[in-house]
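Everything quoted here is computed from the prediction, not taken from an experiment.
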Amino acid sequence: MKKVLIKNAKIVNEGKITEADVFIEGGIIVEIAESISAKSPDVQIFDAEGTHLLPGVIDDQVHFREPGLTHKENIEMGSRAAVAGGITSFIEMPNTIPQTTTIEKLEEKFKLAEAKSYANYSFMFGVTNDNLEEILKVDPKTTAALKLFLGSSTGNMLVDDEKVLEQIFSKSPLLIAVHCEDEETIQKNLQEYTERYGDDIPIEEHPNIRSEEACYKSSSRAVALAKKTGARLHVFHVSTEKELSLFSNKKKLKDKKITAEVCIHHLWFNDSDYKKKGTLIKWNPAVKTEKDQEALMKALNNDLLDVVATDHAPHTKEEKKNVYTKAPSGGPLVQHSLAAMLQFYHQEKISLEKIVEKMCHNPAILFQIKDRGFIREGYKADLVLVDLNAPWSVQPDNIQYKCGWSPFEGVTFKSRVTHTFVNGNLVYRNFKHQPFAKVAERLQFDR
């Protein structure tokens, strides 16, 4: 049984920062104490002096593009980039080719991850207008959630049948995670701008096409349906100030039936960045105004927003450089999400404790992930050491994504992930991955 001792750590966990040692055996945190001595010569010791120890980040929304779209990304490369960014567990989306809309296809993805992933893994089960029978077969203890698109998506995963929607919300055995943009509003706006510009619509018009109205109309509809049916609803990637009125901070997270998430790109970018970044920052939902951006950060701090995620969704640079109507939405983010949040800490926009709450604790609480997301005795040893004073710049030679680019290229971050441990195993250290070993595990859920 591998034994690891992390000495002199400043532990950021459960709302406070404390100094302690952490002893790990067999992938489990077995002791946290002021001073722990190695009791045998086979203990691997890491001196964490000068760094902070965080629980591993849990990213509840990634697209690793496997199967079917692996020219953009795959589970191996995506998870490698994730652990380089301090993400030790991920939940991946169902809009691959083929889509994850049957139990058989779901289990095939679990087998792919078991063979290839550097990080712990789970998958969402895709909802269509005609797969309710399959949805009811999903095991809530071994699958993260249902994913439902209320805006345009790959293939037939746009759910637009009102009767089907109500049935799913009424009968789902799982949390329902939703992408909320109103398709009718988007198509009407797109037609108007296409008539004006043809295919080469200025990228600055993207937030006018995928507008605040499209987001709010869809989000409010989903929230109303959840309240009507009692469904457990999680709204992905909130991008507007207006939508924040739909959510509450009156209850503790574990007692909320309706929760919401914000993504890194909606906190980092606003519509003034389109001029420089162009379609590289074309996302759905769109990056919107500085006012929206500031409201999202405020809502993260006051707990209207519960989770920070990435919606990591790579495309090749060639694909992204197409004209507006042909350039796909999405970008790679897992390697840089924690560094970006720590940059906000340096800018005094958010505390270290709140970053850990939103990126580590809350995803575990929200999805009822078993024994992860906290630094606690008896929990899995998914841990990250970060140096808050080790500047580094994002450059092509240190980008880990298969697509080879990042919207953060040229940014100098003040903080660096120095070590990432998955189930007590060192998988990444100072810009270098350790030799691949099957140490990642399928996430389990306390339901």
Side-chain angles (χ1 to χ4, degrees), residues 60-63 93-95 99 124 126-129 145-162 164-165 168-169 176-194 201 203-226 233-247 258-267 269-271 274 279 281-289 292-293 295-296 299 305 307 309-313 315 324-331 333:
D60 77 355
Q61 190 188 177
V62 305
H63 300 261
M93 298 298 107
N95 52 331
Q99 297 162 345
M124 290 200 183
V127 178
T128 70
N129 282 324
L146 298 184
K147 172 67 182 288
L148 195 155
F149 288 90
L150 295 175
S152 55
S153 68
T154 304
N156 71 334
M157 288 190 68
L158 172 62
V159 181
D160 55 4
D161 185 313
E162 291 291 338
V164 169
L165 273 174
I168 291 163
F169 271 68
I176 301 169
V178 287
H179 175 130
C180 289
E181 291 183 284
D182 182 66
E183 187 64 13
E184 186 179 345
T185 302
I186 292 166
Q187 291 305 319
K188 180 184 172 188
N189 292 340
L190 182 60
Q191 183 179 348
E192 178 187 328
Y193 282 90
T194 303
I201 299 167
I203 184 61
E204 290 84 357
E205 303 294 357
H206 187 52
N208 297 322
I209 294 168
R210 304 191 81 95
S211 61
E212 175 192 80
E213 179 195 3
C215 293
Y216 183 79
K217 189 173 182 180
S218 183
S219 296
S220 58
R221 176 183 170 210
V223 167
L225 193 53
L233 178 71
H234 182 53
V235 179
F236 273 154
H237 42 48
V238 173
S239 63
T240 70
E241 181 178 23
K242 187 174 183 179
E243 288 170 282
L244 297 172
S245 65
L246 300 169
F247 308 109
I258 296 167
T259 52
E261 163 197 292
V262 66
C263 285
I264 292 296
H265 45 287
H266 292 123
L267 294 171
F269 298 102
N270 62 52
D271 58 5
Y274 285 118
T279 51
I281 62 166
K282 185 187 181 194
W283 276 284
N284 299 341
V287 167
K288 297 187 173 68
T289 67
D292 290 309
Q293 181 187 28
L296 294 172
L305 294 171
V307 168
T310 62
D311 193 16
H312 172 88
H315 302 280
Y324 176 85
T325 57
K326 294 181 172 62
S329 291
L333 289 161

Carefully, step by step, assess T259 and V307 under the rule side-chain contact (heavy atoms from CB on, under 4.5 Å). CA-CA 9 Å; T259 52; V307 168; over 6 Å; no

Report the C-alpha separation of N208 and N189 in whole Å, then their side-chain angles, then the decisive distance to 0.1 Å, and conclude whether the side-chain contact (heavy atoms from CB on, under 4.5 Å) test is met. CA-CA 8 Å; N208 297 322; N189 292 340; over 6 Å; no

Go through the steps for H63 and N95 under the test side-chain contact (heavy atoms from CB on, under 4.5 Å), then give the verdict. CA-CA 8 Å; H63 300 261; N95 52 331; 3.1 Å; yes

Between E192 and E205, does the side-chain contact (heavy atoms from CB on, under 4.5 Å) criterion hold? Intermediate values first, please. CA-CA 11 Å; E192 178 187 328; E205 303 294 357; over 6 Å; no

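In this structure, C180 and V178 approach most closely via the heavy-atom pair SG-CG2, 3.5 Å. Residues V287 and N270 approach most closely at CG1-CA, 3.2 Å, considering heavy atoms. For L244 against A295, the heavy-atom pair with the smallest separation is CD1-O, 3.6 Å. A286 and H266 get closest at one heavy-atom pair: O-NE2, 3.5 Å. Minimum heavy-atom separation, T128 to I168: O-CD1, 4.2 Å. In terms of heavy-atom proximity, L146 sits nearest to V127 at CB-CG2, 3.9 Å.
Separating the CG atom in D60 from the CG atom in D311 is a distance of 9.5 Å, to the nearest 0.5 Å. The OG1 atom of T194 sits 6.5 Å away from the CD1 atom of I209 when rounded to the nearest 0.5 Å. To the nearest 0.5 angstrom, L148 atom CG is 13.5 Å from H234 atom NE2. Within the model, atoms CD of E181 and CD1 of I186 stand 4.0 Å from one another, a figure rounded to the nearest 0.5 Å. In this structure, the separation between OG on S218 and CD on E184 is 12.0 Å, given to the nearest 0.5 Å. Here the straight-line distance linking atom CD of Q61 with atom CZ of F236 works out to 4.0 Å at 0.5 Å rounding.
A side-chain donor-acceptor contact under 3.5 Å links E261 to the backbone of H237. Judged by distance alone, the side chain of S220 and the main-chain N or O of K217 form a donor-acceptor pair under 3.5 Å. At least one donor-acceptor pair under 3.5 Å links the side chain of S245 to the backbone N or O of K242. Under the 3.5 Å distance criterion, the side-chain polar atoms of H206 are left unmatched by any main-chain donor or acceptor of N284. In terms of modelled atom types and a separation under 3.5 Å, the side chain of D292 and the main chain of E241 share a donor-acceptor contact. Put simply, the side chain of Q293 gets close to the backbone of L267: a donor and an acceptor are under 3.5 Å apart. Under a 3.5 Å cut-off, the side chain of K282 and the backbone N or O of A327 do form a donor-acceptor pair.
Side-chain N/O atoms of K288 and S239 include a donor and acceptor closer than 3.5 Å. Between the side chains of D160 and N129, at least one donor N or O sits under 3.5 Å from an acceptor N or O.
The closest side-chain heavy-atom distance from V238 to V262 is not below 4.5 Å. A 4.5 Å side-chain heavy-atom check between H179 and P285 finds at least one atom pair inside the cut-off. Between T185 and S211, some side-chain heavy-atom pair lies under the 4.5 Å cut-off. Proximity of Y324 to L190: side-chain heavy atoms (C-beta onward) are separated by under 4.5 Å at one or more points. Between T325 and Y193, every side-chain heavy-atom pair lies at or beyond the 4.5 Å cut-off.
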